[in-house]
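Below is one structure, written out as structure tokens; comments come after it.
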Amino acid sequence: MPQATAAVPAALPQIPVSDLAPWAIFSALLAAVVLFFVGAEQGAFSVLEGTLVHEWVHDARHVMGYPCH
Amino acid sequence: MTPRTFLVHGLVAGLVAGIAAFLIAYVVAEPQIDTAIALEEAASAAPAGHTHAEGTPAHSHDEEEAGHSHGQEAEVSRDTQSTWGLATGTILFGTVIGGATALAAAFALGRLGSLGARGSTATITLVGFVATALVPFLKYPSTPPAVGSGDTIGERTGLYFAFWAISLAAAVIAVVAARRLHERIGGFNAMVVAALGYLVVVLAVGLALPTVNELGAFPADTLWYFRRESLVTLAGLWAVLGVVLTGLVGRDADKALADQRRREAAAAL
Ligand SMILES: [Zn+2]
């Protein structure tokens, strides 16, 4: 055990990075897809036709600080 | 205390935070959005020769607005945009941000000096708010409807996401660096050095990237109110996320610790 953890109150477990990696990648992908659709789809980019996604999340896009139109 | 429990806690805390953000935004930000859209309509109606009477009903946005994406096609009414639409956006955003924050907190568990599970989780949430909401907002603040030219949307979106990503990357590096420095110069010094390093990076990049200013004659009061409410909404989302996630992780850590003590006591017999 490295000394950095010496002061940690009894046995606070560390989660090995190898255990974390797949979950971290999954949640990062999830976040990327959602942030894309909430923040940019049918604005700067258009994966889907039309303006429905843009219009549906329009107010959230403005309030959460993404450029909208 | 597994990655899975962290992710589930994060998604739950993020869902709650997204609902809170919807309520905050609905109450404080929607009136400013309505004001901005009314101005937008007046501006697009004026060249066509009619002056807008006050008290323009919300639905006229859908019929009269020219050249703007929201409402023109009337696919989604303003009433839906400001309720279900707003809720969809904030809740999806909160949920995935919660999941990602929780996994960062899972990494931080037992790795941030002498901080316990609650301390490290709260720290990670605070870093997340500063790096992905506050600092990007300070460089590229939110803009109400009616501000911004459709010609530059690609460029503005690119700049926003680029600065957001750089800020996030700088914050991750700062936290990792603080861990390294901790053993050599102590926790407090490591934190100060890491925070300064982060600030130098985002200030330098912020100064280097172009400024976006497409305000034109948009009224300053509405702009300020909208931006303030936007920041209040983001801060509210992160605050609720931080409190709920810290609570859930802390409870889990207490349980894990109690289990371990019981096992040790049993082994000692
Ligand atoms: Zn808009």
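Only the side chain of A/F26 comes within contact range of chain B, with heavy atoms under 4.5 Å apart. Looking at B/T80, only its side chain comes within 4.5 Å of chain A, counting heavy atoms on both sides. Both the backbone and the side chain of B/A106 have a heavy atom closer than 4.5 Å to some heavy atom of chain A. Residue contact with chain A, scored on non-hydrogen atoms closer than 4.5 Å, involves the side chain of B/T233 exclusively. Neither the backbone nor the side chain of B/E214 comes within less than 4.5 Å of any heavy atom in chain A. Interface residue B/F6: only side-chain heavy atoms are found under 4.5 Å from chain A. For a residue to count as touching a neighbouring chain, one of its non-hydrogen atoms must lie under 4.5 Å from one of that chain's; by this rule B/F107 touches chain A with backbone and side chain alike. For B/R4, the parts lying under 4.5 angstrom from a heavy atom of chain A are both the backbone and the side chain. Looking at A/V63, both its backbone and its side chain come within 4.5 Å of chain B, counting heavy atoms on both sides. Heavy-atom distances place the side chain of B/W164, and not its backbone, under 4.5 Å from chain A. If you measure heavy-atom distances from B/T2 to chain A, the contacts under 4.5 Å come from the backbone alone. Looking at B/T95, there are no atoms closer than 4.5 Å to chain A (heavy atoms on both sides), in backbone or side chain. For B/I33, the part lying under 4.5 angstrom from a heavy atom of chain A is the side chain only. Heavy-atom distances place the side chain of B/L237, and not its backbone, under 4.5 Å from chain A. For A/P16, the part sitting under 4.5 Å from any heavy atom of chain B is the backbone (N, CA, C, O) and nothing else.
Checking B/T143, B/L159, B/I153, B/V212 one by one against A/P67, the side-chain contact (heavy atoms from CB on, under 4.5 Å) holds for a single residue, B/I153. Of the options B/V96, B/L92, B/L7, a side-chain contact (heavy atoms from CB on, under 4.5 Å) to A/L30 is made by B/V96 and by none of the others. For the ring-ring contact (aromatic ring centres under 6.0 Å, His included) test with A/Y66, the passing option among B/F161, B/Y140, B/F137 is B/F161; the others fail.
When each of A/L20, A/L35, A/V57 is scored by its heavy-atom pairs under 4.5 Å with chain B, the top score falls to A/L20. Contact tally against chain B (heavy-atom pairs below 4.5 Å) for A/D19, A/L52, A/V17, A/V33: the top residue is A/L52.
In terms of modelled atom types and a separation under 3.5 Å, the side chain of B/Q81 and the main chain of A/D59 share no donor-acceptor contact. Distance alone, capped at 3.5 Å, is enough to place a donor-acceptor pair between the B/R111 side chain and the A/I15 backbone. Here the side chain of A/H62 pairs no donor or acceptor atom with the backbone of B/S142 at under 3.5 angstrom.
Scanning all heavy atoms of the two residues, the minimum distance from A/G65 to B/S230 falls at N-OG, 4.4 Å. Taking all atoms of both residues into account, the shortest heavy-atom contact from B/A100 to A/S27 is CA-OG, 3.7 Å. The two residues B/T157 and A/A40 come nearest to each other via the heavy atoms CG2-CB, 3.9 Å. Taking both residues in full, the closest heavy atoms of A/M64 and B/F93 are given as CE-CD2, 3.1 Å, listed atom of the first, atom of the second, then distance.
Here CH2 of A/W56 is found 11.5 Å from CG of B/L86. Values are rounded to the nearest 0.5 Å. Residue B/S77 holds its OG atom at 9.5 Å from CD of A/E55, rounded to the nearest 0.5 Å.
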(request) Would you sort out whether A/Q14 and B/L109 count as a side-chain contact (heavy atoms from CB on, under 4.5 Å), showing the intermediate values? (result) CA-CA 6 Å; A/Q14 287 186 5; B/L109 182 74; over 6 Å; no
